[in-house]
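Reviewing the structure listed below.
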Protein chains: 2
Amino acid sequence: MPVKIKDIARICGVSAGTVDRAINNRPGINENTKKRILKVAKELNYRPNYTAQSLVKGKTSTLGVILFDLHNRSFAQLMNAIELKARENGYFVYITLTDKDPNNEKQCIEYLVERNVDGIILFSVNRGNEFEDYLKSFDIPIITVFNKISENWDYVGIRERQAMKDAVTHLVNKGYERFIYVSPPLMYMGKTNIYTQEERLYGFIEGLKSFNIQEEPIIIKEKNYIDILKEWNFQSEYKTAVVCSCDLYALEVLQLLKEKGVNVPGNVGVMGFDNIDVLKYVTPRLTTVEYPIEQIGSDAVESLISKIEHDHFLNIPLLDYKIILGESI
Amino acid sequence: MPVKIKDIARICGVSAGTVDRAINNRPGINENTKKRILKVAKELNYRPNYTAQSLVKGKTSTLGVILFDLHNRSFAQLMNAIELKARENGYFVYITLTDKDPNNEKQCIEYLVERNVDGIILFSVNRGNEFEDYLKSFDIPIITVFNKISENWDYVGIRERQAMKDAVTHLVNKGYERFIYVSPPLMYMGKTNIYTQEERLYGFIEGLKSFNIQEEPIIIKEKNYIDILKEWNFQSEYKTAVVCSCDLYALEVLQLLKEKGVNVPGNVGVMGFDNIDVLKYVTPRLTTVEYPIEQIGSDAVESLISKIEHDHFLNIPLLDYKIILGESI
DNA sequence: ATGAAAGCGCTAACAT
DNA sequence: ATGTTAGCGCTTTCAT
């Protein structure tokens with residue numbers, strides 16, 4: 001049985017209130033009694049019961065985090081940054097994983113609310129006005145990361161669209177004339193929240209438009225994109241770039257091209273997105289887009305805590321990216 | 001303001017006790033009043049206050065997880081498995097990261113205890129009898145994973161030693177005669193808990209002993225192992241294997257050998273450990289050891305919950321591994 | 001400076 | 001079947 005304030009009070013021959021004053025060094029207590037109480041508390045290895053504290057204070061100093069999973073490196077890094085920043089600010093973090101199941105996500109939100117978290121960081125698979133109303137029905141602060149759920153909801157993310165647009169610019173400058181875009185998640189368009197993937201796609205399309213090339217962009221949304229590319233004839237007279245919405249797809253493509261004996265970068269180039277850490281072990285080194293994922297986590301926590309403690313979210317501008325020059329372009 | 005049991009009671013003209021009976025469908029309540037109450041509860045979007053429940057029940061249905069970080073893929077996968085299994089059993093998970101700081105780890109434990117978690121899963125950086133006594137001073141169940149803290153503490157892990165021993169056997173069968181072992185974490189031997197790394201090392205040494213080769217094993221514990229290997233003369237008449245305690249080191253070694261123009265696998269082979277998912281993008285394909293990391297997380301949760309709910313840990317045998325044949329040996 | 005009492009929201013034992 | 005009461009461990013207000 002853990003020792004309680006009452007125990008200490010009994011032993012010291014004082015009331016619970018006085019013990020409380022000593023432990024939380026509140027004013028109105030004699031220095032000596034305070035010392036006596038603290039000594040006993042220490043001897044008995046007293047630890048405050050946070051649950052009781054939370055109940056009376058109406059605050060748990062806990063954040064809920066909702067992610068798809070931790071298999072994706074980016075999510076893991078995001079989570080890592082969130083935990084660090086949160087605890088730095090005296091908050092603990094509940095982690096909940098939805099596996100991209102919209103109902104599971106709702107389930108998570110409701111559980112977190114029941115557990116009285118002070119705020120939620122949400123990487124959402126749901127989206128739209130109805131979902132926005134649903135979120136509003138819980139009156140606790142919720143901040144979204146990466147995937148916007150609607151235009152106005154508080155959000156921390158990066159300039160995805162501009163990043164992909166710049167990537168296209170880079171490719172055009174390098175002399176590429178034909179473009180294939182690979183992004184299997186686009187298959188879920190209209191079904192689940194794939195905001196970031198959509199943004200990247202639009203960036204790609206806008207990029208092409210701005211240079212007035214390839215009116216009909218080639219977009220591969222199929223899960224078996226490798227099979228599709230397997231049949232592709234890369235020996236055209238055009239210098240072709242395969243632009244991928246994530247590094248993992250790009251790595252698969254690189255591997256395929258190696259198998260097909262296509263020289264990279266030669267007639268064909270490959271562009272990734274994310275700059276995952278394992279790229280350094282792969283040759284040719286993939287050209288990709290880097291963005292400060294840990295910053296997103298950290299900023300989201302800061303903004304959320306600001307909302308919790310001072311009732312206003314921080315105004316966090318979209319974070320910037322950087323094109324990492326490799327050898328695949 | 002969230003709606004409370006009292007609100008419902010007032011509206012329905014009954015007592016809080018009756019509302020409680022309705023909501024938690026406990027016996028001793030008229031079907032009609034029950035229906036009436038549930039209807040109102042639903043209309044008002046009533047959600048039980050978990051903090052209050054926890055306080056009175058003396059149980060939070062929460063597990064604490066303590067890990068180094070989530071940058072390491074294995075840790076992330078472990079965490080993923082833990083969350084899934086925990087919530088499947090009605091538990092939520094606090095994630096806390098220590099960054100391998102022993103004091104931070106203690107801090108985490110104490111905070112988790114204060115927050116009345118029902119149990120803790122600990123990937124420990126501390127170890128030894130003193131630490132064991134420290135852990136015992138909290139009377140909540142704590143289960144360790146991967147790193148043992150002492151011989152008797154409840155633990156879920158894999159047959160690391162045997163795995164590495166088998167790896168050596170495999171190498172000997174493939175005709176390797178000379179062995180270099182790479183494991184920078186060994187530098188922390190005696191300082192922090194590197195149980196798994198030690199086990200792998202002993203497995204390596206035992207393996208060599210059993211074949212009576214290389215009395216003086218070559219062990220590189222330096223952080224700059226690459227610099228050391230850079231100076232190495234791999235052109236000896238002996239077929240040499242570089243055995244690495246983690247895939248990441250092996251990948252670095254592979255890259256170095258590529259740079260040095262050493263043919264792999266020819267005179268030199270490289271062996272990894274972990275089978276991280278990105279191996280499939282690297283050529284030559286690394287030969288490595290695979291183990292069921294998600295199973296460890298899942299088993300740890302099961303055992304811990306068994307202890308919480310039925311007062312006995314499960315008896316989980318050390319999990320098995322598998323040598324994955326690549327092209328680097 | 002200290003004690004007593006009420007209350008956070010809920011559950012559970014005891015009355016009626 | 002329903003109401004009443006006490007209490008989980010702590011904080012806070014009001015007396016003294």
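Every chain is numbered from 1 and lettered A, B, ... according to where its sequence line falls, protein lines coming before strand lines.
Residue contacts for B:Thr33: at a heavy-atom cut-off of 4.0 Å it reaches the sugar-phosphate backbone alone, with no base atom in range. B:Arg21 comes within 4.0 angstrom of a nucleotide base, judged by non-hydrogen atoms across all strands. When heavy atoms are screened at a 4.0 angstrom cut-off, B:Tyr46 is found touching the sugar-phosphate backbone but no base atom. Heavy atoms of B:Gly28 sit under 4.0 angstrom from at least one base atom. In this structure, A:Ile29 reaches the sugar-phosphate backbone alone: every heavy-atom distance under 4.0 Å involves primed, P, OP1 or OP2 atoms, never a base.
Looking only at atom types and distance, the side chain of A:Tyr134 has a donor-acceptor partner in the side chain of A:Glu110 under 3.5 Å away.
A:Ile5 has its CD1 atom 6 Å from the C1' atom of D:dC10, to the nearest Å. When the C1' atom of C:dG9 is taken as reference, atom NZ of B:Lys57 falls 12 Å away, rounded to whole Å. The nearest whole Å value for the distance from the CG atom in A:Leu55 to the C1' atom in D:dT12 is 14 Å. Distance CD1 (B:Ile23) to P (C:dC10): 8 Å, rounded to an integer number of Å. Taking atom CG of residue B:Asn24 and atom C1' of nucleotide C:dA12, one finds them 11 Å apart after rounding to whole Å. Distance A:Asp20 CG to D:dG9 C1': 11 Å, rounded to the nearest Å. Taking atom NZ on A:Lys59 and atom P on C:dG9, their separation rounds to 17 Å, with Å as the unit. One interatomic measurement links the two molecules: CG of B:Asn49 to C1' of C:dG7, which rounds to 14 Å at whole-angstrom precision.
For the pair A:Lys4 and A:Asp7, the salt-bridge criterion is not met [side-chain N within less than 4.0 Å of a carboxylate O]. Between A:Glu31 and A:Arg36 no salt bridge is recorded (no basic side-chain N to carboxylate O distance below 4.0 Å).
Comparing B:Ala52 and B:Glu31, the nucleotide of DNA chain D nearest to each residue sits closer to the 5' end for B:Glu31.
Regarding contacts with the backbone of D:dT4, every side-chain N or O of B:Ser15 stays at 4.0 angstrom or more from both OP1 and OP2. Dashed line: the shortest gap from a side-chain N or O of B:Gln53 to OP1 or OP2 of C:dG9 is not under 4.0 Å.
For the pairing with A:Phe123, the ring-ring contact (aromatic ring centres under 6.0 Å, His included) check across A:Tyr195, A:Tyr155, A:Phe68 returns one residue only, A:Phe68.
In terms of heavy-atom proximity, A:Ala86 sits nearest to A:Val93 at CB-CG2, 3.5 Å.
Considering only the side chain of B:Arg26, C:dA12 comes nearest among C:dT2, D:dT2, C:dA12. You'll find that the side chain of A:Lys4 is closest to D:dC10, out of C:dT2, D:dC10, C:dG9.
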